[in-house]
Amino acid sequence: MELMIAIAILGVLLTLAIPSVRDLSMGSNTVSKTNCLLGNLNTARAEAVKNATNVRVSASGGAWNNGLIVATDRNMNGAIDAGDGDTLLQQGCEASTGFDWTAVTQPGGAAVTQLFYTPTGALSTPAAGVWFKLLRPDRAINPARCKRVLVVASGRAESNKGSTAQCAAP
């Protein structure tokens with residue numbers, strides 16, 4: 001009898017704990033991926049200023065979910081041309097299963113697959129700025145739990161929490 005009561009109590013505790021652990025895991029993954037993006041954006045900007053050249057941050061394979069590529073791109077043609085002295089600097093930050101990265105221009109909301117930092121550290125393309133948004137797998141249940149990264153025209157990047165309106169739709 002005591003064993004059955006102990007098993008029942010354990011079952012209730014597990015029922016309460018599993019959703020919390022899942023939410024903690026998704027939150028940790030969201031922060032990790034956001035920090036990865038911020039680190040790569042800051043590296044790109046610093047390299048542009050340090051080497052007085054254009055640096056490109058682009059979506060790997062045309063989709064941010066596949067990760068990103070940071071490379072010098074002196075002629076801003078979207079390719080790493082060894083003859084121009086372009087080099088791959090970093091790559092990574094793939095979205096985990098169920099997560100969704102998007103990027104749009106501000107203002108306007110046109111999709112963005114690459115951005116360029118100038119030798120001064122400012123954005124060249126798109127000049128007005130870029131919003132990145134990382135949506136979690138539970139966005140239908142918790143629509144305000146996305147993370148956003150804003151890259152302003154000066155090239156500075158900052159992260160902040162989204163709101164229900166900003167995170168509801170991909």
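If you're wondering where the values come from, they're calculated on a predicted model, not measured in any experiment. Sequence positions, counted from 1, serve as the residue numbers for this chain.
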Checklist outcome for this item: Contacts satisfying ring pair (Phe, Tyr, Trp, His ring centres under 6.0 Å) that involve residues 23-53 (not counting sequence neighbours) are none
Checklist entry - Does the side chain of Phe99 reach to within under 4.5 Å of the side chain of Thr30, using non-hydrogen atoms? => result yes
Item to check | Counterpart residues, side-chain hydrogen bond (donor to acceptor under 3.5 Å, both in side chains), relative to Asn66 (two or more places apart) | outcome: none
Checklist entry - With a 4.5 Å heavy-atom cut-off, do Val49 and Pro119 have their side chains touching? => result no
Item to check | Any donor-acceptor N/O pair, Thr72 side chain to Val55 backbone, under 3.5 Å | outcome: no
Next on the checklist: Enumerate the salt bridge (charged side-chain N to carboxylate O under 4.0 Å, His left out) contacts for residues 61-79, please, sequence neighbours excluded, ordered by first and then second residue.
Outcome noted: Arg56-Asp73
Checklist outcome for this item: All heavy atoms of Arg148 vs all of Trp131, minimum pair found to be NH1-CH2, 3.3 Å
Next on the checklist: Tell me if a side-chain donor or acceptor on Lys147 pairs with a main-chain N or O of Lys133 at a distance below 3.5 Å.
Outcome noted: no
Next on the checklist: Please give me the minimum heavy-atom distance between Ser58 and Gln114, naming the atom from each residue.
Outcome noted: CB-CB, 3.7 Å
Checklist entry - Is the side chain of Asn42 donor-acceptor paired with the backbone N or O of Leu38 at a distance under 3.5 Å, no angle test? => result yes
Item to check | Same cluster (ILVMFWY, side-chain, under 4.5 Å), Leu89 and Leu37 | outcome: yes
Item to check | Residue list, side-chain hydrogen bond (donor to acceptor under 3.5 Å, both in side chains) with Arg45, at least two apart or on another chain | outcome: none
Checklist entry - For the atom pair OG1 (Thr53) and CE (Met76), what is the distance rounded to the nearest 0.5 Å? => result 10.0 Å
Next on the checklist: Tell me which pairs pass ring pair (Phe, Tyr, Trp, His ring centres under 6.0 Å) where either residue lies in residues 35-87, with sequence neighbours left out.
Outcome noted: Trp64-Phe132
Checklist outcome for this item: Closest non-hydrogen atoms of Asn40 and Cys93, given as atom of the first, atom of the second and distance, are ND2-SG, 3.1 Å
Checklist entry - Do you reckon Ile69 sits in the same ILVMFWY cluster as Val112, going by side-chain contacts under 4.5 Å, direct or chained? => result no
Item to check | Qualifying side-chain hydrogen bond (donor to acceptor under 3.5 Å, both in side chains) pairs, either residue in residues 115-130, two or more places apart | outcome: Thr118-Thr120
Next on the checklist: Any side-chain to backbone donor/acceptor pair from Asp84 onto Asp86? Under 3.5 Å, distance only.
Outcome noted: no
Next on the checklist: Would you say Phe116 ends up clustered with Leu68 if hydrophobic residues are merged whenever their side chains have heavy atoms under 4.5 Å apart, either directly or through other cluster members?
Outcome noted: no
Checklist entry - Looking at side-chain heavy atoms only, is the closest gap between Thr34 and Val149 below 4.5 Å? => result yes
Checklist entry - Heavy atoms, side chains only, cut-off 4.5 Å: are Val151 and Leu41 in contact? => result yes
Checklist entry - What distance separates Thr105 OG1 from Leu123 CG, expressed to the nearest 0.5 Å? => result 11.5 Å
Next on the checklist: Treating Asn65 as the side-chain partner and Trp101 as the backbone partner, does any N or O pair qualify as donor plus acceptor under 3.5 Å?
Outcome noted: yes
